[in-house]
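All remarks here apply to the structure that follows.
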Amino acid sequence: MINLLVVGTIAYDSIETPFGKVEDVLGGSALHFTNAASFFADVGIVATVGRDFDLAAIGFLSERSVDIKGISIDEGRTFRWEGRYGYDLNQAVTLKTELNVIEQFKPKVPDEYLGADFIFLANIDPELQSHVIDQLKRPATVVLDTMNFWIENKFSALIEVIKRVDMLVVNESELREITKEYSLVKGAKKIMELGPTCIVVKRGEYGVLMASQDELFLAPAYPLEEVFDPTGAGDTFAGGFMGYLANVGSVSQDTIKQAIVMGSVMASFNVEDFGINRIKRLEYNEIRERYKAFKKCLHFGDIEFR
Ligand code: AMP
């Protein structure tokens, strides 16, 4: 049974980093998310692709209990994104966004997915994110992501959907752009005044900051030797984060912190290869090993004061 629903983009991405260049590789917020979340939860995915999309290329998801019947194949071309990174891999420069089939998309959540207790509204048009919330029939934990493209093009729709969700998961630059506050703590507080009770701020290689009504929590990113392509790291983080929450079935302060660590572990794999490749060939045991290495990096004995 589906316990985690994601709505977002499935894309063909063209990406350039200082370490290489790829064209029309599989990507999109919903796909990166699902690729990671499927290690922990039964995921149902709602997205649109065009007639040019090769469905066989995502066949591997079915072997990981992902239900893809919520993907509609529509007239037109699949969503495309083109981006470039310099040596500061924390900052993507968008060269081109082709909405294509997204422009006419009206996400329809299949009835079987409506029982999910965890919903991730991945990066997509905020009006479509609201349209998904309209279809929910029972209380669920709803988490939202977005991107500068929507902050700049659909700001009021974005604020409306933020008011309707439980948590916001965004990049630090996006939080600053939405709230017009430099301080992430102040920015998070401004968002909490709108409704969400927990804000998870992704800070690229500097890790994650979580702010809730009562707590602040920090997790570093795992220090890697090989970094090729950060595209999708945020969605992969969210996939590990929400997959963990859906698996445990709780949103206490402690499980949220554990989920942040799991999200960070998953994101650390994503950047080791282009597109979805690394997480596609990932094995569960590697997650366990990286988690152990991650935990070791964080451990220090109690400091002795004189
Ligand atoms: P991130 O995790 O933030 O690196 O997300 C990267 C993914 O977001 C890429 O695979 C893109 O296809 C997708 N993407 C880029 N721009 C947009 C947009 N405006 N709306 C939705 N998805 C997007």
Side-chain angles (χ1 to χ4, degrees), residues 6-17 22-37 45-50 53 57-58 77-85 88-103 105 107 120-129 132 143-155 157-158 161 168-175 177 200-205 208 221 227-242 263-264 266-271 273-280:
V6 57
V7 183
T9 54
I10 294 181
Y12 281 129
D13 287 342
S14 296
I15 307 157
E16 193 180 333
T17 80
V22 286
E23 255 176 54
D24 280 353
V25 295
L26 279 177
S29 55
L31 193 54
H32 279 290
F33 176 90
T34 303
N35 201 14
I45 177 168
V46 172
T48 172
V49 293
F53 191 76
I58 57 166
R77 268 159 64 84
T78 299
F79 173 79
R80 276 172 171 75
W81 179 76
E82 230 179 281
R84 186 169 56 209
Y85 301 83
D88 177 2
L89 292 173
N90 290 327
Q91 207 53 55
V93 178
T94 294
L95 301 174
K96 201 157 137 204
T97 304
E98 266 184 50
L99 295 178
N100 298 334
V101 284
I102 304 253
E103 260 173 310
F105 185 46
F120 187 61
L121 303 174
N123 181 22
I124 198 168
D125 185 334
E127 284 175 20
L128 302 185
Q129 293 173 319
V132 170
V143 180
L144 182 90
D145 189 7
T146 192
M147 191 176 172
N148 52 1
F149 184 86
W150 304 113
I151 302 170
E152 284 148 28
N153 293 301
K154 296 258 175 125
F155 189 73
L158 175 63
V161 70
L168 182 69
V169 176
V170 279
N171 288 344
E172 56 181 342
S173 60
E174 291 155 0
L175 183 65
E177 200 174 343
V200 178
V201 189
K202 299 170 286 180
R203 308 185 59 226
E205 68 179 296
V208 170
V227 179
F228 280 98
D229 172 21
T231 309
D235 303 311
T236 305
F237 166 85
F241 174 75
M242 295 238 16
S264 306
M266 295 306 285
S268 77
F269 287 112
N270 175 76
V271 301
D273 201 344
F274 277 100
I276 63 166
N277 293 343
R278 183 64 180 98
I279 308 276
K280 186 180 167 189

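Counting starts at 1 for both ligands and their atoms, in listed order. Since we're looking at a predicted model, the values are computed, not measured.
Protein heavy atom closest to atom 21 (C) of ligand 1, with residue, atom name and distance, is Asn123 O, 2.9 Å. Among all non-hydrogen protein atoms, the one lying nearest atom 17 (C) of ligand 1 is Met147 SD, 3.4 Å. In terms of protein heavy-atom proximity, atom 11 (C) of ligand 1 is nearest to Asp13 OD1, 3.5 Å. Looking from atom 22 (N) of ligand 1 to the surrounding protein, the closest heavy atom is Thr9 OG1, 3.1 Å.
Remark: among candidates Gly232, Ala30, Ala233, the nearest residue to atom 4 (O) of ligand 1 is Gly232, based on non-hydrogen atoms. The heavy atom nearest to atom 18 (C) of ligand 1, considering only Phe237, Trp81, Phe149, Trp150, is found in Trp150.
Here Arg77 pairs with Glu98 in a salt bridge; the nearest charged N to carboxylate O distance falls below 4.0 Å. Here Lys280 does not pair with Asp273 in a salt bridge; the nearest charged N to carboxylate O distance is not below 4.0 Å.
By the criterion of a heavy-atom distance under 4.0 Å, both the backbone and the side chain of Asp235 are placed next to ligand 1.
Ring centers of Tyr12 and Phe53: under 6.0 Å apart, within the cut-off.
Using a 4.0 Å cut-off to heavy atoms of Gly28, the atoms of ligand 1 that qualify are 9 (C), 10 (O), 12 (O). The Gly234 neighbourhood of ligand 1 comprises atoms 2 (O), with distances under 4.0 Å to a heavy atom of that residue. Remark: ligand 1 atoms within the under-4.0 Å shell around heavy atoms of Ala11 are 12 (O). Near Thr231, the atoms of ligand 1 lying under 4.0 angstrom from a non-hydrogen atom of the residue are 4 (O), 6 (C), 9 (C), 10 (O). Each of the following atoms of ligand 1 lies closer than 4.0 Å to a heavy atom of His32: 10 (O). Contact atoms of ligand 1 toward Gly27: 10 (O) (distance under 4.0 Å to a heavy atom of the residue).
For the side chain to side chain donor-acceptor pair (under 3.5 Å) with Ser29, the lone residue among Asp145, Thr9, Thr146, Thr34 that qualifies is Thr9.
Aromatic ring pairs are classed by plane angle as parallel below 30°, tilted from 30° to 60° and perpendicular above 60°; the pair Phe237 and Phe241 is parallel.
In terms of heavy-atom proximity, Ala122 sits nearest to Ala30 at CB-N, 4.3 Å.
Residues forming a salt bridge (Lys or Arg N to Asp or Glu O under 4.0 Å) with Asp13 (at least two apart in sequence, or on another chain): none. Shown here are the salt bridge (Lys or Arg N to Asp or Glu O under 4.0 Å) partners of Glu205, two or more places apart in sequence or in another chain: there are none.
The side-chain heavy atoms of Thr231 and Phe274, taken from C-beta on, include no pair separated by under 4.5 Å.
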